[in-house]
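Every chain is numbered from 1, with letters handed out A, B, ... down the list of sequences.
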Number of protein chains: 2
Amino acid sequence: MNQQQKYILNLQRKSRERKREQAFVIEGRKMFEEAPADRVKMIVASESFCKSKEGAALLKGKKFDVVSDSIFETLSDTKTPQGILAVVKQQPYSFEELLGKERASFLLILDHLQDPGNLGTIMRAAEAAGVTGILMSSDCVDIYNPKTIRSTMGALYRVPFVVSEDFAGDIERLKKAGVSTYAAHLGATISYEGADYKKPCAFMIGNEANGLSDEVAALADCKILIPMAGQVESLNAAMAATVLMFEAARQRRN
Amino acid sequence: MNQQQKYILNLQRKSRERKREQAFVIEGRKMFEEAPADRVKMIVASESFCKSKEGAALLKGKKFDVVSDSIFETLSDTKTPQGILAVVKQQPYSFEELLGKERASFLLILDHLQDPGNLGTIMRAAEAAGVTGILMSSDCVDIYNPKTIRSTMGALYRVPFVVSEDFAGDIERLKKAGVSTYAAHLGATISYEGADYKKPCAFMIGNEANGLSDEVAALADCKILIPMAGQVESLNAAMAATVLMFEAARQRRN
């Protein structure tokens, strides 16, 4: 395995390396097609992919390296690699970018989210719901985790996000900027659909197993509940986020 | 490995065996605690679990077998087994049970769902939204798949479901029973929030990759769209189902 291949493997496997290099690896046709051209640092394709009609079309006019199918399998994070990957530069966003410009601010605030697939799915749903930005606590799973990237289905390239070094402070900054903060909380007494989400708003979503910590929930302007039938104790974090975001989207359309 | 252990492994791994035996394996404290006592056929615990205070309390007064921790690991479908599993009898539901009794019928119709975790998550969200029953096409992933079971978080014990041998026929029966059927469809022009879901209703949700097949979508009374911002092509099946079910739940509360 040569240096370049070791570099890719390190980026796939280690959050620390991704941070140091300010880069990450994307895989597959869809993530490759949607990657912003000015952020792509390196392209690697498998022999079979290059030979395929589709591969040839996708790679036309681009600089890329070819590796054997077996090497590609080693480099890939998936069980059935599609034969195309790229190293992409990370995109730093400012706090202000989370607030959006063209529409009233609409944020997600994610506290200590741990499941890579969940985080990616939430980002995908967030783009669809029209979220302007995502603020994450620094103990959330790495957004550049390969599984998270896959689950975003490309939303990673388009939804502004900030991993906060001062989570409580940034939440206060949001509030000062006129954003109402709503904490999804099982102990709340107000149902989520009662609030006006046409105004600048942010939903706070907690850890999969434990929900929002008390300290973070205490920062919210309002605690809201998603009423539940049956004996279900809670929704998973991605579901709860989706219910809230699409209620806001619905209100904003009407 | 003895006969009993082989039997458990077969149930864990093979949908065919689960069908033949009309049984399935549940794992973990939560699924064990919530299992209906009259359906539990066999309980197996690891040595460490039996010795733990919590394990002793959970198992008190019950008949169970003890196996070594290493055997338990072999029997378990999870990477970090909790030390408790049970074989549970399947519960057959009738078509009529899907319609519910205490409230207006509220169904999910799932076509060719393939992801085990997705299916389980959908069932969990369905219980929370107050769904009266789930109708599944026979090519859906097995609801008794270990990963599906885990993702239901116990909803499997409580939400009536039928795997249909005559999917189109059963959808027609639903319609004759006065249930309006709504197909989530990217080609629809009507936004989902326009319909009245206080009346008996059913949402049709399609395969993760391809959505509803044209034949199945054609059976729906109405095709509905979840409007999406950004460049997202679609929501994942569990997300789409959640948005629709919780809109119905919201309407039914108000």
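Enclosure of atom CZ in A:Arg253 by more than 12 non-hydrogen atoms of other residues, nucleotides or ligands within 6.0 angstrom is indicated. The neighbour count for A:Lys41 NZ, taken as heavy atoms of other residues, nucleotides or ligands under 6.0 Å away, is above 12.
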Show me the side-chain donor-acceptor pairs of residues 227-235 of chain A shorter than 3.5 Å, one per line, residues at least two apart or across chains.
unit_1   : atom_1 : unit_2   : atom_2 : d
A:Glu233 : OE2    : B:Lys30  : NZ     : 3.1
A:Ser234 : OG     : B:Arg124 : NH2    : 3.2

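Proximity to chain B (any heavy atom under 4.5 Å) is shown, for A:Glu127, by both the backbone and the side chain. Residue A:Tyr157 does not touch chain B at all, counting heavy-atom pairs closer than 4.5 Å.
Rounded to the nearest 0.5 Å, atoms CG (B:Asn254) and CD (A:Glu193) are 5.0 Å apart.
Scanning residues 237-248 of chain A against chain B with a 4.5 Å non-hydrogen threshold yields A:Ala238, A:Met239, A:Thr242, A:Val243, A:Phe246, A:Glu247, sorted by number. Residue-level contacts of residues 99-120 of chain A with chain B do not occur; threshold 4.5 Å between heavy atoms.
Under the salt bridge (Lys or Arg N to Asp or Glu O under 4.0 Å) criterion, A:Arg29 pairs with A:Glu54, not counting sequence neighbours.
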